[in-house]
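Everything quoted here is computed from the prediction, not taken from an experiment.
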Amino acid sequence: MIKIGLIDSGIGGFSILNAFLAAPPLNRTQFIYIADSGHLPYGVKSDAYIHERMERLTAELLSRKIDALVIACNTATAVSAEKLREKYPDLIIIGIEPAIKLAATATKSGHIAVAATLSTLHSERLKSLKERFAKAQTLHKIIGSEWVDLVEKQKLTLADNQKILEETLKPLFQYPIDQLVLGCTHFPFLMPALKALLPKEITIIDPANAIVQECY
């Protein structure tokens, strides 16, 4: 039996779990999911606070004998992935990060956008991704902190969230952006509303499938 632990600040990581369940089955695999909803959103917390939570939750999963850990949260990956790898060198740790490389490769206009929490948008990890993969592209940052609350409150339809989405998505109508990276695992649950609002020329990138491939 292979045990894979997943951690997210709330229900957002279910977008990753859903991708696992939709993929060809892993042999005799058990998933243990921790939704740290009592401490969300991570995106507005300090790095020290987030890492303390990640250490505590990782210890809990290790007590349940997991074989691999998936950090199903961009913010927590940026803050804690490397530190946890140093602390637990024998544990397979897979983090999630904004798919800047994919967007930079696919763009035709040279303008790409990433929607994420403030913590992710200000992180050194995002800065590094931009420097490594998108030096020649213009990266527009969409502050999606309020989107996390929309998903946690199950306000997923356009009727529920149109005002907030339209306000935060303004740059996508002001620049020739053709790639939108979803930089938070909560955000794929807003995909129907996003598709209804955005021009068809904009490709929405959900990195969940890439995480699944790393576990095969």
Side-chain angles (χ1 to χ4, degrees), residues 2-21 26 29-100 114-130 141 143-152 181-189 206-215:
I2 298 171
K3 290 185 180 181
I4 298 177
L6 298 94
I7 300 174
D8 187 52
S9 60
I11 64 174
F14 279 110
S15 64
I16 305 295
L17 182 57
N18 287 341
F20 273 111
L21 298 177
L26 291 168
T29 303
Q30 178 183 1
F31 297 98
I32 304 173
Y33 183 95
I34 294 181
D36 197 23
S37 298
H39 298 265
L40 67 84
Y42 281 178
V44 298
K45 302 292 197 306
S46 69
D47 287 2
Y49 185 96
I50 294 166
H51 187 59
E52 187 277 331
R53 293 302 305 161
M54 289 300 298
E55 284 196 313
R56 183 173 299 189
L57 298 176
T58 299
E60 170 61 27
L61 288 171
L62 285 171
S63 74
R64 303 190 192 188
K65 310 298 183 183
I66 61 167
D67 299 290
L69 170 65
V70 175
I71 305 175
C73 172
N74 286 268
T75 300
T77 296
V79 171
S80 292
E82 292 306 320
K83 294 177 183 176
L84 290 174
R85 289 183 181 119
E86 290 176 5
K87 186 172 183 177
Y88 302 108
D90 296 327
L91 177 64
I92 298 170
I93 298 177
I94 300 169
I96 185 168
E97 60 187 15
I100 301 300
V114 56
T117 64
L118 276 174
S119 180
T120 297
L121 293 176
H122 293 162
S123 69
E124 287 298 316
R125 197 169 189 92
L126 182 62
K127 182 179 179 181
S128 173
L129 290 170
K130 170 71 169 76
K141 297 179 179 181
I143 301 173
S145 300
E146 290 182 282
W147 297 12
V148 175
D149 290 331
L150 291 176
V151 174
E152 289 292 328
V181 176
L182 300 183
C184 174
T185 53
H186 282 74
F187 296 173
F189 291 105
D206 174 6
N209 290 331
I211 295 295
V212 174
Q213 291 303 314
E214 287 195 48
C215 289

### Test log, rule side chain to side chain contact (heavy atoms under 4.5 Å, CB included), inputs I34 and L61
CA-CA 9 Å; I34 294 181; L61 288 171; 3.7 Å; yes
### Task
Please test K130 against R125 for side chain to side chain contact (heavy atoms under 4.5 Å, CB included), starting from the C-alpha separation and ending with a verdict.
CA-CA 9 Å; K130 170 71 169 76; R125 197 169 189 92; over 6 Å; no
### Task
Could you tell me how the ring of F20 sits relative to the ring of F31: parallel (under 30°), tilted (30 to 60°) or perpendicular (over 60°)?
tilted
For [X], does the [atom1] atom have more than 12 heavy-atom neighbours from other residues, nucleotides or ligands under 6.0 Å away?
X   : atom1 : value
Q30 : CD    : yes
L62 : CG    : yes
L21 : CG    : yes

Tell me, do [X] and [Y] make a side-chain contact under 4.5 Å, heavy atoms counted?
X    : Y   : value
I4   : D67 : no
H186 : S9  : yes
D36  : L57 : yes

With no hydrogens and no angle check, is any side-chain donor or acceptor of [X] less than 3.5 Å from a backbone partner on [Y]?
X    : Y    : answer
K65  : K3   : no
R85  : I93  : yes
D8   : A35  : no
S15  : T185 : yes
S128 : E124 : no
K141 : L121 : yes

### Message
Quick check with a 6.0 Å cut-off and a 45 degree axis cone: is K45 positioned over the face of Y42's six-membered ring?
### Response
no
Smallest separation among heavy atoms of [X] and [Y], with atom names:
X    : Y    : value
S119 : D47  : OG-OD1, 4.3 Å
A72  : I16  : CB-CG1, 3.9 Å
A115 : W147 : CB-CZ3, 3.7 Å
V114 : P98  : CG2-CB, 4.0 Å

Can you tell me how far [atom2] of [Y] sits from [atom1] of [X], rounded to the nearest 0.5 angstrom?
X    : Y    : atom1 : atom2 : result
E97  : L126 : CD    : CG    : 9.5 Å
S123 : N74  : OG    : CG    : 8.5 Å
D206 : F189 : CG    : CZ    : 9.5 Å

### Task
For a side-chain contact (heavy atoms from CB on, under 4.5 Å) with I32, tell me which candidate from I7, I66, L69 qualifies.
I66
### Query
After noting the C-alpha distance and the side-chain angles of E152 and I11, does the key distance pass the side chain to side chain contact (heavy atoms under 4.5 Å, CB included) rule?
CA-CA 7 Å; E152 289 292 328; I11 64 174; 3.5 Å; yes
### Query
Strictly by modelled atom types, are T120 and T75 linked by a side-chain donor-acceptor pair under 3.5 Å?
yes
### Task
Indicate yes or no: does E55 engage K83 in a salt bridge with an N to O separation below 4.0 Å.
no
### Ionic contact status for R56 with E60, cut-off 4.0 Å
no
### Task
Starting from the C-alpha separation in whole Å, work towards a yes-or-no answer on side chain to side chain contact (heavy atoms under 4.5 Å, CB included) for L84 and I71.
CA-CA 10 Å; L84 290 174; I71 305 175; 4.2 Å; yes
